[in-house]
Structures are given as structure tokens and as C-alpha cells.
Amino acid sequence: MTNTEKNLLLIDGSSIAFRAFFALYTQIDRFVAPSGLHTNAIFAFHTMLRNVLDKVQPTHVLVAFDAGKTTFRTEMFADYKAGRAKTPDEFREQMPFIKEMLEAQGITHYDLTNFEADDIIGTLATQAEKAGFDKVTVVSGDRDLTQLTTEKTTVEITIKGVAELETYTPAYLNEKLGLTTEQFIDLKALMGDKSDNIPGVTKIGEKTGIKLLLEYGSLAGIYDHVDQMKTSKMKENLINDREQAFLSRELATIDLDSPIKIGLDETLYQGADYDKLKAFYKEMGFHKFLEDLEGVTEKVVEVIEFTVITDKPSPDMFHEDQFFYLEILGDDYHRDEIIGFAWGDDKQIYVSKDTSLLAAISFPKNTFDFKKNKVLLARQGIDYPLVSFDTMLAKYLYSTIENNKISTIADLFGYDLADDELVYGKGAKRAVPEDAVLFDHLARKIAALVKTKTPLVDKLRENDQEKLLSDIELPLANVLAKMEITGIKVSGGVLSEIGLENEQVIKALTAEIYELAGEPFNINSPKQLGVILFEKMGLPAIKKTKTGYSTAVDVLEQLAAQAPIVDKILKFRQISKIQSTYVTGLLGEIMADGKIHTRYVQDLTQTGRLSSVQPNLQNIPVRLPEGRKIRKAFLPENTDSVLLSSDYSQIELRVLAHISGDEHLISAFQKGADIHTSTAMRVFGIDKPEDVTANDRRNAKAVNFGVVYGISDFGLSNNLGISRKAAKTYIETYFERYPDIKNYMENSVRSARDTGFVETLYHRRRNLPDINARNFSVRSFAERTAINSPIQGSAADILKVAMINLDKALQAGNYQAKMLLQVHDEIVLDVPNEELSAVQALVKLTMEDAITLAVPLLVDENSGKTWYEAK
DNA sequence: TGCCTCACG
DNA sequence: ACGTACGTGAGGCAA
């Protein structure tokens, strides 16, 4: 029979964490994780934990935490723990990570509403003794817990930080104070406790308290005899504070029978989860621990066995739980060729570079970057049906801070994988390596994907993001793949025509500018332009950049009245921009099929929006007529179809109305009011909409934008060209009239401070490591982000849901109409003429019903023979 | 490669 | 006092 001794270790997590924080407080700036999080308390807590685990060798462990500010003790005595200094932000931000560390260590932690960690510990210690445990060890930074010492229960109290412990047994307590554990509680009742704000009896401290207890046995004994005591100030105090003394006793007594919902068997210590622990150490920047750990655990990604397939693979080589991955050298999967592929699990990995074998693949359900793989396979004429897991998307949902390369993800979870740059080279030197190197790298990628899936899935589950992956990002990837493959027809002829006109204009403007400047120079060079305007011509330099004079639009616009050259330069800039980015740029992206196939980057933005690259089709000009003409080149596939553009009206403000619950904003949207006019009326105290001037509305619109962005007086004043003081007044009035918007903003920031992140309606997260930064501007930025991200992100989520639903609805209705583009709050479709009225209704309905909010969603639609006409 | 500028939501 | 509006991509310049 093996040793069956049961040995329980109970740790007072809240008190130890607090001690740990101050133990390394002087070195706080040395303990910073890569994310910016302070780690001094985490580090010291970890050290203490390792020491104690080593010393006690427990079979069961539990770390108890205080649940919150109010407990049953505050019900008894409102001032319990009152007057305590607010815990520093640098400390609070570490608490969730201490818990994460415990989870990685395989240690249960627990808290209970209305009770303190002491009570959980006392209750479990009592239960353990009754259940026949051989030994219980309690660790705390609070000497009050010594009242739990019994023959079987030892209490360890930290001294000097958290490195050394003082061991309390009944014998030691007796030796040290001459008291029993019962008497120790009475002592506290007499003395009180400054840190917990327990009053005790006036003027009685440790010495007098002990003397009295030794003489009368107990608190009750003292009061039984108080009348017989000879007259003294102390006697008077005892009598006066009698009630207070007994209340103090109750407050100081640990509850040994608190209603915990955790059993002793749940405290069983199973040892650390090395994968989690490695990922945790990495996240915290605990390099030394990481090295120690890697000494004892294998680096699985290092040792790879794989089979190179040269013949048609057989069906028994596939099953759903494997990962599949296709490799290209760059990012451009619309043009680059497949250089190899691999699939497998933790037992067997297959690799090949023979693309003719792809037709025989039966696809596993896991991959990395489904959209890319789907597009690459579509180019081979192969359909890749939707998978159930995509590591790239999962990682993006878990954290947007790092990039989502396989090597980065491997690294994040403690595995080592060579970066693509290292294997394939970069820039001009990038090339397909020799087979052995390529196959090895591909096999390692599969191994890394297999290894990191479980911890990633765990993270998503912890963060309540499983549905966000399975119901939004994954199906969206499928929809986006189809849109990218479809592409949009762009007329090179129309672009070239615009280009020729632009060249004439640019030529004429260039001549006029040289004439006015008195010399030729490169107008596109801000540096040369600065010299001409601010040195040669002596115009006032309003703004500076890091490298010299600013020549940005807002600066030039202020100078326009002073020199005719300025307007010419502005016009030159405008047309040059159109020419280089939109005429030349887009012409270079039209592929052999006469279409542009953009790539939607699904794993990049901090808020959950998509981005569009190569080319960017989300910033095609629309505001100014000269640029807007570019849209005449964007065409439907056939002459008998049109482009339909459907966009949400004010989706971000509607989301804000919903999230904040502000009754005024909600009712304005419910009434279908013009929202900026309505804001103007409320903020400027105007009774009738017709009395709102264009200027009032413009100002109100700027305020509404500001609110969504995380308003500041400076930003608003800049935007509106008014004084900071005036902007401040606007904001103050706005907050008075929309109090729930103010509450939303404050709550967002507060919650970000407590948890380190904010989230959207669909649990998309943005971590904000800078929210407690000491640097004002760094912290302010994080605060504005805390306000903006849930709004922008929820709006992005909603359009994603709409796109997924629309894709389904179009299929179900057997329509030929196809989604082509997404521009943040807009979807562009190619619709055959005969389907137009039905599809137009379907798109509107689908978008407006994507989610039910406290306000209606409204979609505006336009169609035409070009994108220009569909606006 | 970093900076400036400017296109979009 | 601090020094900002939120989120992107691309072209041209200057090192």
C-alpha cells in the first residue's frame, strides 16, 4: 500500500497577494510583462507558492480569496475595514493573473460572496480535520488566522515580505503569548485591529489584554468580574466599551461553518499543467522559470516524424481531428503558387509538394487560416468545405496584441517553431527551400497547430468566445473567401480615361505652382514644400511634425487666404492622390479576368473590423466629386445586372444607445429622428427641429462623433475649430443631457481597469494593458479605446452576422446575386436586374434583423450600373 | 524603413 | 502638467 496520508494546504490568497505586492514594491518597475502588466505581486506570490509546496508536500491545496468589499461582517458593523487605503491599480491588475497562475499550477482557488478568505479556510480546515485528514497547513499574511491552530492544523504567517514563514502551533502560541487559541480571539476583541477598523476597548493593547486574559481566562470572564475591579480608567473603559468588545469578538472570529460550495475532494492537487504554465511564464516574461520548466518538459515541436507522400493518399490517412495546411511563400494567395502542404495529428504527419494530389484529400476539420486555404484550393478547382477550427482566428479572438503567425502562437504557448522568414528568407532572397527543409518546416507547423489547439480552446472557453469563433468568424471566413474569389469587375478603360484628364490637370497645376514659387521643386516632398512655403515665401508655420514643418491639409487651409499658391497645392495634392493611389494603383491590381480580387484581412484590427489589402477597396473616394468619379470604374459582372449598395444608418450611435441604455438617445432613434438634429436640440436647448441651424447640426454631429471616439475637449476643439473651453462646455452640457452616456463611459473605463479588457456584444475582447499606465497620455489613449472599442467592435460584429445570414438567405432563395464588397457598415452586391427588387428587400431585412437592439437598425440602399451610381 | 499625407468608415 | 479624437492601407519621399 502506498502512502495514503492526506495533507491539506490552505492559502489566504488575498492576504498573500497583498504582501507579495509590497514585498517587491520598490522594484515594481523591474517586474513588467511584455504586455506592460506589472508582475511584482505575481512573481512574489509564485515564489512563496513554490516554497510552500516544496515544504508542505500537500496532497490537497486550495487558495481562498476575499470575494468583495461587503461581507457578513459589514452587515454587523458598517465600518468594518472602512478607511482602508484604496488598493493600488498596479496591484489590482495582477489579481486575475495570480488566479491564472494557480490554474496553470493545477491549484484550485475559491471565493464566496459575503465571506472572507479566512472563513473559507477556517471552514475547510475544520471539515478536513473531521474527514480524517492527517495534517492541515494554513498560510496567510494575517496573524488573525493563528486562531485556527489546533493539534492538526498549523498556521504559517509570513514575515519579512513573503519569503519567510513563522509557524504557529498551539504550543508555539502558548509559548509566545501564553494564550490558547480561544484566548487569542478574545485578545483581538480587546485590542481591536486598526487595519480592519475593529474598535476593541479604548486604551487596551496587547500587553494589558494578555494580562487581563491570563487573570480572568476569557473575555466573558473579564466582564463577569469587571464590577469587582478596583476603580481605574481601564475599568471605566471596559465598562463603556462592553458592547463594542463583544462586537469586536464576533468580527474577529473566523466562521468555521461558512456555506461554501466546494468539497475537499475538489482541492485535490494534481500538479501543474506544463503547457499552460509555459504559456503563462511566457506571457509574464518569467524567463528564468521558463528555462527551468523547459529543462524538465520535452519541446514537442522539436522532434517531428513525418511521411512524405508521393502517391495518391489513401482514405485511411485522413480523419476529422487532423489539421490541414497549405503553404505559399508570401501573403498573396490570389496569385502565389502553392509550394507544399501537410496534414496530420500528434501521431502521424503527411507532407507533400505535389499539388496534383490535392484532389484526393478528404479534408480534416482543423486548419490555420481557412480563408487562405479555401481560396488557394479554389484556384485548383477544389472546394474546401467549412472547417470547425481555425487556429489563426482562434488566436486573434483570444488576443489581438500579437500577430497571429504560427510561430508566434507556438511561442505564446511555450513551443519553439522557426519563423517563416528564417526558413524561406525575406525580400529578394525569399525562395522555396530544398525538400528536406520545406517538409520539416511544414511538419513542425502541423505539430505546433496540434499542440496549441487545446490551450487555445481553453482560453476561448474561459473568455466565453467559443460561439464568436464557431458562429461568426469561421462562417464569415467562408463568406469572405467566396467574395474574394468572385472579385469585382473594374474597367481599366474608365480608369485610364480619368487618368488622362488628371494628368492634364496635374501638368497645368505644376506649371502654375512653379511660377508662383519662382522655381521648380518636388511638390510631393513635404520637406521641399516646407522650404518653399515657410522659408522662401515666409508664410507662418502653424504646426510642426517630428521632422519639420507640417504641410497637412488643415494647415494649408488656414494659409490659403494668404497666398494663392496654397490652393493650387491643395488641388495638386488631391488630384495626385487620386492619380497615384486610385488610377495607377487600381490599374495595377486588375487581374486577367478583368476583376480586382482584394484580400480581407480577418485577424488584424484591434476592434474586430476587417481590413482590405492589395488593393484596399474600403477607402475608394466618395466624399469629393473628383475622387468619387473613380467609382464609375466599378461595375457589375454582366450588362444585365447592377451593383446594390446597402449601408447601416448611424450604426455606431445606435449601438451606443443600446449599450448605454440612454433613454434620450434611444427614444430619438425610435422616433426616427435625425440624430444630429436631435442632439443639437437637446444640447443647445432648441425646441423645434426647424430652429436647428446647419451650424448647430454640424456642431452636434462633431459631438456625437466625439462621444463614440472617447471624447476630449482638446480633440473636439481641434475638430470644430473652437476654443478648448467652449468644447469643454459642449461636452459638459452633453453629459448633463445624456447622463447614461456618461455612465457608460465611466463604467467602460472602470471595468477595463478592473479586468484589463473590454468586450463587444458578442464577447470580442480587446485587452488594454495600458489602462493603468502612469504616463498620462498612454493611459488616456487606453481609456478612449475602452470607450470606442465596444462600440466600433459591436457594429463590426453586427455586420459580420448580417453577412453570414445574407449568404445563407441568398442560397436558400436560389438567387444569383453575390456579395462583392464589405466597407465596415456597407455591403455591395452584384444583382441581376430581375432579382433586384427581391434581393434589395432581402438584404435590407437581413441587415436590419441581424440583431435586436433597444433601437431599430436602419439600412439605406442604392443601386446602379456602377458603384458611382449606387450611392 | 519610418515618416508624412490622405483616402475610407 | 501631461498632449489626444476611434479604426484602417497605400503612395511618395528621404534616409
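Letters go in sequence order (proteins before strands), and every chain restarts at 1. Worth knowing before you read on, the calculation uses all heavy atoms, side chains too, and leaves out hydrogens, waters and symmetry mates. Values in this document were obtained by computation on a predicted structure and should not be read as measured data.
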Does [Y] offer a backbone N or O that forms a donor-acceptor pair with the side chain of [X] under 3.5 Å?
| X | Y | value |
| --- | --- | --- |
| A:Arg764 | A:Ser794 | no |
| A:Thr598 | A:Val613 | yes |
| A:Thr866 | A:Ala633 | no |

Gap between atoms [atom1] and [atom2], on [X] and [N] respectively (whole Å):
| X | N | atom1 | atom2 | value |
| --- | --- | --- | --- | --- |
| A:Lys527 | C:dA14 | NZ | P | 7 Å |
| A:Gln650 | C:dC6 | CD | P | 20 Å |
| A:Phe714 | C:dA1 | CZ | P | 16 Å |
| A:Leu624 | B:dT5 | CG | C1' | 15 Å |
| A:Ile798 | B:dG9 | CD1 | C1' | 15 Å |
| A:Ile791 | C:dC6 | CD1 | P | 13 Å |
| A:Lys543 | C:dG3 | NZ | C1' | 13 Å |
| A:Asp770 | C:dC2 | CG | C1' | 15 Å |

For a quick check of understanding: with a heavy-atom distance under 4.0 Å over all strands, which category does [X] fall into, base, sugar-phosphate or nothing?
| X | value |
| --- | --- |
| A:Ala702 | base |
| A:Ile787 | nothing |
| A:Gln606 | sugar-phosphate |
| A:Val708 | nothing |
| A:Thr607 | sugar-phosphate |
| A:Arg766 | sugar-phosphate |
| A:Gly706 | base |
| A:Phe781 | sugar-phosphate |
| A:Val622 | sugar-phosphate |
| A:Arg623 | base |
| A:Gln528 | sugar-phosphate |

Which atom pairs link the protein and nucleotides 10-12 of chain C when you take only N or O atoms and keep those under 3.5 Å?
residue: C:dA10; atom: OP1; partner: A:Gln614; partner atom: N; Å: 2.8

Taking only side-chain N and O atoms of [X], does any of them lie within less than 4.0 angstrom of OP1 or OP2 on [N]?
| X | N | value |
| --- | --- | --- |
| A:Gln822 | B:dG9 | no |
| A:Ser712 | C:dA5 | no |
| A:Thr547 | B:dC3 | no |

### Message
Can you identify which nucleotide, out of C:dG7, C:dA14, B:dT5, has its nearest atom closest to the A:Thr545 side chain?
### Response
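For A:Thr545, the side-chain atoms sit closest to B:dT5.
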### Task
Among the candidates C:dG7, C:dT8, C:dG3, find the nucleotide nearest to the side-chain atoms of A:Ser777.
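My answer, after comparing the listed nucleotides, is C:dG3.
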Modelled atom types, side-chain donor and acceptor of [X] and [Y], under 3.5 Å:
| X | Y | result |
| --- | --- | --- |
| A:Asn522 | A:Ser525 | no |
| A:Glu535 | A:Tyr549 | yes |
| A:Glu826 | A:Ser645 | yes |
| A:Asn403 | A:Thr408 | yes |
| A:Asn699 | A:Asp696 | no |

#### Entry: Opposite nucleotide pairing with B:dT5, Watson-Crick or G-U, both atom distances under 3.5 Å
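Because both required distances fall under 3.5 Å, B:dT5 counts as paired with C:dA10.
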### Partner nucleotide, any strand, of C:dC2 [Watson-Crick/G-U, under 3.5 Å]
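Matched C:dC2 with nothing under the 3.5 Å cut-off.
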#### Entry: base_contact_polar (C:dT4 base, A:Arg784 side chain, donor-acceptor, <3.5 Å)
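Result: at least one qualifying N/O pair found.
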#### Entry: N/O donor-acceptor pair, side chain A:Gln792 with base C:dC6, under 3.5 angstrom
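Result: at least one qualifying N/O pair found.
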### Query
When you compare C:dT4 with B:dT5, how far apart are their P atoms, in angstrom units rounded to a whole number?
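My reading of the P atoms in C:dT4 and B:dT5 gives 15 Å.
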### Nearest-Å distance once atom P is located in both B:dC4 and C:dA5
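Those two atoms are separated by 13 Å.
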### Query
Looking at A:Lys595, A:Lys371, A:Lys372, A:Arg599, which one forms a salt bridge (Lys or Arg N to Asp or Glu O under 4.0 Å) with A:Glu484?
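Result: among A:Lys595, A:Lys371, A:Lys372, A:Arg599, A:Lys371 is the only option passing the salt bridge (Lys or Arg N to Asp or Glu O under 4.0 Å) with A:Glu484.
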### Task
Report the C-alpha distance between A:Asp419 and A:Ser407 in whole Å, list the side-chain angles of each, state the deciding distance to 0.1 Å, and finish with yes or no for side-chain hydrogen bond (donor to acceptor under 3.5 Å, both in side chains).
CA-CA 6 Å; A:Asp419 200 275; A:Ser407 56; 3.1 Å; yes
### Task
Could you list by number each residue of residues 550-565 of chain A showing a heavy-atom separation from DNA chain B of less than 4.0 Å, or answer none if no residue does?
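Nucleic-acid contacts, sorted: A:Ser550, A:Thr551, A:Ala552, A:Val553.
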### Task
Let me see the working for A:Val707 and A:Met745 under side chain to side chain contact (heavy atoms under 4.5 Å, CB included), right down to the final yes or no.
CA-CA 9 Å; A:Val707 167; A:Met745 292 184 157; 3.7 Å; yes
#### Entry: Between NZ on residue A:Lys800 and CG on residue A:Leu480, distance to nearest 0.5 Å
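A:Lys800 NZ to A:Leu480 CG: 8.0 Å, rounded to 0.5 Å.
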